[in-house]
Amino acid sequence: MELEVNKLLKVLKLSAQIIIENGGETYRAEETIKYICKSFKVKEIEPIATPTGLYFTISVNGEENNTIVRRIRKRTINLQKINEVNNTSRNLTSGQITLDEALLQLEDIYGNDKIQYKYSLLYGGISSAFFTLLFGGGLFEFTVALFSGIIVTIISKKFEELQSYQFFSSIIAGAFLSFIAITFTHLLGKGNYNYIIVGGIMPLLPGLAMTNAIRDTIRGDLLSGIARATEALLIASSLAAGAGAIIYTAYALGIS
């Protein structure tokens, strides 16, 4: 029985960890733990999930407690992984797969970071370009925004691979975006770099983090809500700081 408990703990830990690390809500991680435990008739379940940590205690027979503490050090957005974890947990709770099969599937999901890199670059460029059109840009601004969006996406991916703080990556992304926009409009003598900068920043803004912060706060998870809101504001501020520094420098040099 001890071996089965250890496997169950691993399944619970991986399920919740993947959800939190890939942009899922904290309540979703807690409910996943509860649903899986109830399907195995675990008597006592106490999960607590925050954006920076995962803690839960279970007691299979109501006497012996088993506790897991997991530090969450990286956070990104990958809704595909969250969906795959949800499918695995549903199949496990309905009895379609065993605990061993669920563990193998979760380990495969956790270790599968082979997202289509070229597609993410393309989507980053396209979203920036069309946001530029939305804010009033023309064909020239659209083209520059497409190029700058791809470059900024590459930079963001490199920082993510280095597991750098998102604060620094956001500053650099905002600075590069402004530099490319101002350089192209100044050298070619046409276009408005404001449209390019605003359109390029939009895909980088932490919209999902702020949405999750509001949802967590409404559900009563105040610690998680405040943490996510602080993170979202910090990212937005760093993007503005990076872009603002380059714009200020351009004005100081007489480039406008």
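Side-chain atoms are counted along with the backbone in the values below, which use heavy atoms only and exclude waters and symmetry mates.
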Problem - Intermediate values then yes/no, side-chain contact (heavy atoms from CB on, under 4.5 Å), Val198 and Thr132 - result: CA-CA 7 Å; Val198 174; Thr132 300; over 6 Å; no

Problem - Closest contact, heavy atoms only, Ala129 versus Ala145 - result: CA-CB, 3.8 Å

Practice task
Would you indicate whether the side-chain heavy atoms of Ile77 and Asn22 approach each other to under 4.5 Å?
Solution key: no

Practice task
Spell out, as yes or no, whether a donor-acceptor pair under 3.5 Å connects the side chain of Ser127 to the backbone of Gly124.
Solution key: yes

Problem - Thr217 side, atom OG1; Leu223 side, atom CG - distance, nearest 0.5 Å - result: 10.0 Å

Handout entry: Sole residue of Phe135, Phe142, Tyr123 in ring-ring contact (aromatic ring centres under 6.0 Å, His included) with Phe130
Key = Phe142

Exercise for the section: Using the side chain to side chain donor-acceptor pair (under 3.5 Å) rule, collect all pairs that involve residues 202-215, keeping only residues at least two apart or in two chains. Expected result: Glu25-Arg215, Tyr27-Arg215

Exercise for the section: Report the residues that fulfil ring pair (Phe, Tyr, Trp, His ring centres under 6.0 Å) with Phe159, sequence neighbours left out, ordered by chain and then residue number. Expected result: none

Exercise for the section: Establish, from distance only, whether the side-chain atoms of Glu84 and Gln80 form a donor-acceptor pair under 3.5 Å. Expected result: yes

Practice task
Is it possible for you to say whether Val60 and Phe40 belong to one hydrophobic cluster, with membership spreading through side-chain heavy-atom contacts below 4.5 Å?
Solution key: yes

Problem - salt bridge (Lys or Arg N to Asp or Glu O under 4.0 Å): pairs with one or both residues in residues 180-203, sequence neighbours excluded - result: none

Practice task
Over all heavy atoms of both residues, which pair between Ser178 and Ile197 is shortest? Give the atoms and the distance, please.
Solution key: OG-CD1, 3.8 Å

Handout entry: Side-chain heavy-atom pair Phe176, Ile246 within 4.5 angstrom cut-off
Key = no

Exercise for the section: Please name the pair of heavy atoms, one in Leu133 and one in Gly138, separated by the smallest distance, quoted to 0.1 Å. Expected result: CD2-O, 3.8 Å

Completion exercise
d(Thr57 OG1, Leu9 CG) to nearest 0.5 Å is 9.5 Å

Handout entry: Criterion side-chain contact (heavy atoms from CB on, under 4.5 Å) against Ile33, the qualifying member of Ile45, Ile48, Ile68
Key = Ile45

Problem - Thr185 side chain near Val144 side chain, heavy-atom distance below 4.5 Å - result: no

Completion exercise
On a heavy-atom basis, the closest approach of Ser89 and Thr32 is CB-CG2, 4.0 Å

Exercise for the section: Please check if Leu253 and Tyr251 belong to a single hydrophobic cluster, counting links between Ile, Leu, Val, Met, Phe, Trp and Tyr side chain heavy atoms closer than 4.5 Å. Expected result: yes

Problem - Sub-4.5 Å side-chain heavy-atom contact between Ile36 and Val42 - result: no

Exercise for the section: Tell me, with the steps shown, if Leu99 and Leu103 meet side-chain contact (heavy atoms from CB on, under 4.5 Å). Expected result: CA-CA 6 Å; Leu99 201 58; Leu103 183 57; over 6 Å; no

Problem - Distance (rounded to the nearest 0.5 Å) between Asn78 CG and Ile18 CD1 - result: 10.0 Å

Fill in the blank from the handout: residues 34-49 vs side chain to side chain donor-acceptor pair (under 3.5 Å), sequence neighbours excluded, gives none

Practice task
Taking atom OH of Tyr248 as the centre, report whether more than 12 heavy atoms of other residues, nucleotides or ligands fall under 6.0 Å from it.
Solution key: no

Problem - Distance under 6.0 Å and angle within 45° of ring axis: Lys13 vs Tyr110 - result: no

Practice task
Measure from the side-chain N and O atoms of Thr52 to the backbone N and O of Ile72, and report whether any donor-acceptor pair falls under 3.5 Å.
Solution key: no

Practice task
Would you check if the side chain of Glu141 reaches a backbone N or O of Asn192 as a donor-acceptor pair within less than 3.5 Å?
Solution key: yes

Practice task
Answer whether the closest heavy-atom distance between the side chains of Ser169 and Ser156 falls below 4.5 Å.
Solution key: no

Handout entry: Co-membership, hydrophobic cluster, residues Leu14 and Ile97, 4.5 Å side-chain
Key = yes

Problem - Asn91 side chain to Asn87 backbone, donor-acceptor under 3.5 Å - result: yes

Practice task
Mind checking the CG-OG spacing from Leu106 to Ser15? Nearest 0.5 Å is all I need.
Solution key: 4.0 Å

Completion exercise
Sorted by chain and number, sequence neighbours left out, side-chain contact (heavy atoms from CB on, under 4.5 Å) with Thr143 holds for Leu139

Completion exercise
Taking every heavy atom of Ser170 against every heavy atom of Ser238, the minimum-distance pair comes out as CB-OG, 2.9 Å

Practice task
Report the C-alpha separation of Asn83 and Leu79 in whole Å, then their side-chain angles, then the decisive distance to 0.1 Å, and conclude whether the side-chain contact (heavy atoms from CB on, under 4.5 Å) test is met.
Solution key: CA-CA 6 Å; Asn83 180 60; Leu79 301 183; over 6 Å; no

Problem - Under 3.5 Å donor-acceptor, Thr183 side chain and Ile180 backbone - result: no

Fill in the blank from the handout: When rounded to the nearest 0.5 Å, the distance separating CG of Leu177 from CD1 of Ile182 is 9.5 Å

Problem - Nearest-0.5 Å distance that lies between atom CE in Met202 and atom CG in Leu134 - result: 8.0 Å

Problem - Closest non-hydrogen atom pair between Ile82 and Gly23, with its separation - result: CD1-C, 3.8 Å

Exercise for the section: Sort and list the pairs that fulfil salt bridge (Lys or Arg N to Asp or Glu O under 4.0 Å) and have at least one residue in residues 216-233, not counting sequence neighbours. Expected result: Glu31-Arg219, Arg75-Glu231, Asp216-Arg228

Handout entry: Linked, directly or transitively: Val5 and Leu54 (ILVMFWY side chains, under 4.5 Å)
Key = yes

Problem - Residue among Phe140, Phe179, Phe147, Tyr195 satisfying ring-ring contact (aromatic ring centres under 6.0 Å, His included) with Phe184 - result: Phe147

Practice task
Please step through side-chain contact (heavy atoms from CB on, under 4.5 Å) for the pair Ile58 and Asn65, ending with a clear verdict.
Solution key: CA-CA 6 Å; Ile58 66 171; Asn65 293 326; over 6 Å; no

